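The next block holds one structure in the form of structure tokens; read it before the comments.
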Amino acid sequence: MTKVNIVQGKRDFSRLIQLSNESDGEIIVTRRGIPVAVLISYDHYQRLSRLEGYRRILQTRKRFTAEGIRANEVYKESRRLLEDRP
């Protein structure tokens, strides 16, 4: 993990992008020593996005299970709604 302040980030933006792609690590951008942004590679971003999607699916599954809703019911209702669309 690398930390840079905003001024350094502006000055070395191209180099920081290259560094984040090569190391697949995070670059923390700070303002007055306080983190305000993170620069990561696009591949790293995609992995994080997929993990967040899986987390949401598991949360939804847990809620459905608690309510006694079965996956087959969700599928049938979704299919019916899609077929009824104009």
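Throughout, residue positions are numbered sequentially from 1 according to the sequence presented. Just so it is clear, the model here is predicted, and its values are computed rather than measured.
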Atom [atom1] in [X], atom [atom2] in [Y]: separation rounded to 0.5 Å?
| X | Y | atom1 | atom2 | answer |
| --- | --- | --- | --- | --- |
| Ser23 | Gln18 | OG | CD | 10.5 Å |
| Arg32 | Ile6 | CZ | CD1 | 8.5 Å |
| Asn72 | Glu77 | CG | CD | 12.0 Å |
| Asn21 | Leu16 | CG | CG | 11.0 Å |
| Leu58 | Lys62 | CG | NZ | 10.0 Å |
| Glu26 | Thr2 | CD | OG1 | 9.5 Å |

(message) Would Arg80 and Asp84 count as a salt bridge (charged side-chain N to carboxylate O under 4.0 Å, His left out) here? Give the steps.
(response) CA-CA 6 Å; Arg80 186 188 65 76; Asp84 289 348; 3.0 Å; yes
(request) Using ring-ring contact (aromatic ring centres under 6.0 Å, His included) as the criterion, list what pairs up with Phe64, not counting sequence neighbours. (result) none
(request) Would you please name every residue forming a ring-ring contact (aromatic ring centres under 6.0 Å, His included) with Tyr42, sequence neighbours left out? (result)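 Listed in chain order: Tyr45.
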(message) Side chains of Arg55 and Gln59 only: does a donor on one sit below 3.5 Å from an acceptor on the other?
(response) yes
(message) As a test of understanding, state which of Leu19, Val38, Ile40 forms a side chain to side chain contact (heavy atoms under 4.5 Å, CB included) with Ile27.
(response) Leu19
Can you tell me if [atom1] on [X] sees more than 12 non-hydrogen neighbours from other groups inside 6.0 Å?
| X | atom1 | value |
| --- | --- | --- |
| Glu67 | CD | no |
| Arg31 | CZ | no |
| Arg79 | CZ | no |
| Arg61 | CZ | no |

(request) Please check if the side chain of Asn5 supplies one atom and the backbone of Gln8 the other of a donor-acceptor pair under 3.5 Å. (result) yes
(message) Quick check: closest heavy atoms across Pro35 and Gly33, and the distance to 0.1 Å?
(response)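 Smallest interatomic distance, heavy atoms only, reads CD-O, 3.8 Å.
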(message) How close do Ser41 and Ser20 get, counting heavy atoms only, and between which atoms?
(response) CB-O, 3.7 Å
(request) Decide yes or no on side-chain contact (heavy atoms from CB on, under 4.5 Å) for Val4 and Thr30, but give the supporting numbers first. (result) CA-CA 6 Å; Val4 297; Thr30 63; over 6 Å; no
(request) Let me see the working for Gln46 and Asp43 under side-chain contact (heavy atoms from CB on, under 4.5 Å), right down to the final yes or no. (result) CA-CA 5 Å; Gln46 285 183 312; Asp43 288 339; 3.8 Å; yes
